[in-house]
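What follows is a set of notes on a single structure, which appears directly below.
Basis for what follows: all heavy atoms, side chains included, without hydrogens, waters or symmetry-related copies.
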Protein chains: 2
Amino acid sequence: MGKPYHHGNLRRCLIEKGIEIINTEGEENLSMRKLGLACGVSGAAPYSHFNSKEKLLEAMQEYVVERLMKKMNAAIETCEDKDSTEVIMKMGKEYVIFFVENPDYYSFLFARANLKIDLTMGENVDNTPPFQLFIENAYRIYRKLDYVEEDIKYGIVSMWATVHGLAAIASMKNVTTDFKWEEVLERILK
Amino acid sequence: MGKPYHHGNLRRCLIEKGIEIINTEGEENLSMRKLGLACGVSGAAPYSHFNSKEKLLEAMQEYVVERLMKKMNAAIETCEDKDSTEVIMKMGKEYVIFFVENPDYYSFLFARANLKIDLTMGENVDNTPPFQLFIENAYRIYRKLDYVEEDIKYGIVSMWATVHGLAAIASMKNVTTDFKWEEVLERILK
DNA sequence: CCTCAATCTAAACGTCGTTAAGATTATAAT
DNA sequence: ATTATAATCTTAACGACGTTTAGATTGAGG
């Protein structure tokens, strides 16, 4: 009969339905009220689980970053030898493909990004949770590579910049082209 | 004594004051009302010059892109010979430095970017004005280079991706590092 | 001088993020 | 089982926002 007063799993529902809305209607159409109603609760209910929209978006970012990291880590596992160029290549492909398949994720993740990166490799800083995950993963992978540049900072940044820039461009709306982004990446990384 | 009923140059004032607000208070604190008041007119006056906030932002983007393009073109002029590696290098540096010096410009320009790029080099598409400027300039410069890859599309994209990715990373808030981004770019472009 | 279009003001509409006060229910201690 | 406590939810409201409307003020051309 009447739906129960308590939702049961509102927190997870907000995150997942929120991501769904971003993918279907765009981030500009995601409001706390509408999201609450979409989950079957009132427009103020989300504030029982997130004290601000920013916190909710942060949780959604964490959810998305986790998916990306899983894909990248899985890609590494498929490498026969842990030869660094193969690892870098497969990771990079996964990174680019992820944003090509989900174009809205790029600006959702990085437009409001408040990344704190200590490129000096010191004990790491207080990133916002999704990006703590992001950075830690990057360092962990890079450390496992056979090939290490004389200065690891430059290695990480140059690797990341190439892949990230390609993802940024590929994520732009209405980019018309006739090649696959993975091919471009292969050419760039030589 | 009383200020005149008409502002005289409100359109330009809105654009410049708007950019100023973005640089000082951040884009999230830019509202049509406040911007009008900051220019000495009412909160609805901006709508006499831009029928939407989106149109105003577009004009501001155009203003910013023009500055970037001027800097890049000026950098090219300083090249002694039009050797392509030197041109690419100087342009890339200018591109990265621009966003390092104005970190808020990156997401302001690209977060909402509705770029339409025809990478097949056909007659170009109907970009939003700021990016029409952006794309045309890129093609024009690339055509002037001595060195041309067998497939020009890949050349443009790989060049742009590297530089753009570096600008994206360098523009992230709270990135702590101990090297200059220009040096990183030099290493990447070899 | 008169007209017309451009520019501006004041007031309003609906939506937004957020908060406050209180209702409902699960949890756990007695 | 009863009761207290904390978690979760609703309704109503606040101020700020983007935008629209109606009308006031002004500059420019005939």
Residue-level proximity of residues 14-24 of chain B to DNA chain D when a heavy atom falls under 4.0 Å: none
Results of salt bridge (charged side-chain N to carboxylate O under 4.0 Å, His left out) for A/Lys34 - residues two or more places apart only: A/Glu25
Name each donor-acceptor pair under 3.5 Å that joins a side chain in residues 16-24 of chain A to protein atoms two or more places apart or in another chain, with its distance.
unit_1	atom_1	unit_2	atom_2	d
A/Glu16	OE2	A/Arg12	NH1	3.1
A/Glu16	OE2	A/Tyr63	OH	3.1
A/Asn23	ND2	A/Tyr105	OH	3.0
A/Thr24	OG1	A/Glu20	O	3.0
A/Thr24	OG1	A/Ile21	O	3.3

D/dT8 OP1/OP2 closer than 4.0 Å to side-chain N/O of A/Ser48: no
Beyond-backbone contact of B/Leu57 with B/Phe50, side-chain heavy atoms, under 4.5 angstrom: no
Presence of A/His49 side-chain N/O under 4.0 Å of D/dA7 phosphate oxygens OP1/OP2: no
Contacts of A/Lys53 that satisfy salt bridge (charged side-chain N to carboxylate O under 4.0 Å, His left out) - sequence neighbours left out: none
Where protein sits on nucleotides 13-26 of chain D, one letter per nucleotide: B base, S sugar-phosphate only, - none, heavy atoms under 4.0 Å: B---BBBB---BBS
Salt-bridge contact A/Arg187-A/Glu183 (side-chain N to carboxylate O under 4.0 Å): no
Under the salt bridge (charged side-chain N to carboxylate O under 4.0 Å, His left out) test, residues paired with B/Glu58 that sit two or more places apart: none
Parallel, tilted or perpendicular, as decided by the 30° and 60° cut-offs, for the rings of B/Tyr106 and B/His164: tilted
Aromatic plane relationship, A/Phe134 with A/Trp160 - under 30° parallel, 30 to 60° tilted, over 60° perpendicular: tilted
